[in-house]
S.K.: 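Have a look at the structure that comes next, please.
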Amino acid sequence: MKHFALTAVVAASLGTATVAETWDMPTPYGDTTFHTQNIAQFAEEVKAATDGALEITVHSAGSLFPHGEIKNTVRSGQVPIGEFFLSQLVNEDAVFGLDSQPFLATSYDDAAALWAAQEPVVTQVLGKQGLMPLFSVPWPAQGLYTNGEIKTVADLSGLRFRAYNAALEEFAALAGAAPVQVEAPDIPQAFTTGQVEAMITSPSTGANSTAWDYVTHYTPINAWIPKNIVVVNQRSFRRLPEDVQAAVLAAAEAAEARGWEMSKAEATEKTQVLADNGIIIVDPSAELTEGLKAIGDQMQKNWRVNASDAALEVLGAIAK
Ligand code: PCA
C-alpha cells in the first residue's frame, strides 16, 4: 500500500537544523490545464517564500487519487491539500452547485459576484468537515461541442452526452440526451470509442482534449462559469509554523487573482485554437438559447428544493 503520510526531513547545516515538510497534493486535471499550471506556480511560490520549509508535490490528472475521492482524502488527513471541481459537492449542500446553474452567472463579473456571496457559506460548510478553502478559480464559460450544427434543443435529443457533475447530468437529461460521466483526462478516449458524441465544457478543456479530432462544431452558449477549489486540511495547516502558514495564505491569495486572469485569457486564446484547428464556431440561435434557458429555469426550481436557507440567500444576493 502506498504511504501518503507527511514526510519530515531533518536537514542540518552549519549547526542549525531546519525541518522541511513535503505535502502531496492530488489534482484532477492534466499538466497542460491552466488550473494545474497555476497550482504548480503556487507550489513554487510557497517553497520559495518558506526557504524550502514547505514543499508541495502536485500529483495531476487524478494520478494519486481519482477526482471523486480527493475531497475526502483531504478531509481524512490522508493528504493535507487537494484540488477538485467545486460543484461536484452539490449533493452535500446545494450551495456548492450554484456556479453550475445555467444562465445564473455567465460573465466573469457575475461569476466574481457569485463567488463573493458563495465563499462565506462554502467556507462554513467545509469548515464543519475540518477543511479550509485556500483559493478558487473559474473555468472559462461552458460551450457546446457537437458533430453538426445544433439549432434547437431538440437536436440534442438522443445524443450520448458527456457529463462531469450532477448538474450537467440533469441538464443533458432535460434536453433529452443520455448523460455519461467521464473525467476530463478521459474525454478523447470516450469520444473515439463512441461512449459519448457531444459535450459541454470550456474552450480550455476542448482544446486540451483535441476536440477537433472528434467533433465539428462549437457553440459558445456560455451558460455557466464553474470553479475549481483548493482546500487544505485544517489540522495539517495548524501544525505548520506561523510564518509558513502566512506564506501559504499569501501564495493562495496570489494564485486566486492570477487564476482568474489566466481563465479570462484562456477563454479567448483557446477558442482561437479550436477555430485554428478547423472547428466551426457558431453563435447559438435565439431558439436554442431560449430552449436552454427553459432548461435552466427548471434546474433552478429543482435546485431550490434541496437548498438550505444560507444557499438560498446566496442565490438571492446575485439573482437579477
Ligand atoms: N473543464 C472541466 C470542468 C469544466 C471545464 O471547463 C471538465 O470538462 O471536466
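Note that ligands are numbered from 1 as they come in the structure, with each ligand's atoms numbered from 1 the same way. Note that the numbering runs from 1 along the sequence shown for the chain.
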S.K.: For Pro102, check side-chain contact (heavy atoms from CB on, under 4.5 Å) against everything at least two apart and list the hits.
M.R.: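 Testing Pro102 for side-chain contact (heavy atoms from CB on, under 4.5 Å), a comparison that skips the adjacent residues, returns Phe171, Trp224, Met299.
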S.K.: Apply the test salt bridge (charged side-chain N to carboxylate O under 4.0 Å, His left out) to residues Lys71 and Glu92: give CA-CA distance (whole Å), side-chain angles for both, the deciding distance (0.1 Å), then the verdict.
M.R.: CA-CA 12 Å; Lys71 199 261 315 194; Glu92 288 187 21; 2.7 Å; yes
S.K.: For Glu119, I'd like to know if atom CD has over 12 heavy atoms of other residues, nucleotides or ligands within 6.0 Å.
M.R.: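 Yes, CD of Glu119 has more than 12 neighbouring heavy atoms, counting only those of other groups under 6.0 Å.
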S.K.: Mind checking what makes side-chain contact (heavy atoms from CB on, under 4.5 Å) contact with Glu55, not counting sequence neighbours?
M.R.: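 Thr22, Lys47.
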S.K.: Just distance, no hydrogens or angles: give the donor-acceptor pairs under 3.5 Å from side chains in residues 182-192, sequence neighbours left out.
M.R.:
| from | atom 1 | to | atom 2 | distance (Å) |
| --- | --- | --- | --- | --- |
| Glu183 | OE1 | His67 | ND1 | 2.8 |
| Thr192 | OG1 | Pro188 | O | 3.0 |
| Thr192 | OG1 | Gln189 | O | 3.2 |

S.K.: Between Pro133 and Phe135, is any pair of side-chain heavy atoms under 4.5 Å apart?
M.R.: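 No, side chains not in contact.
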S.K.: Measuring from each atom of ligand 1, which residues have a heavy atom under 4.0 Å away?
M.R.: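 Heavy-atom contacts below 4.0 Å: Tyr29, Phe85, Trp139, Gln142, Arg162, Tyr164, Ala184, Thr201, Ser202, Thr205.
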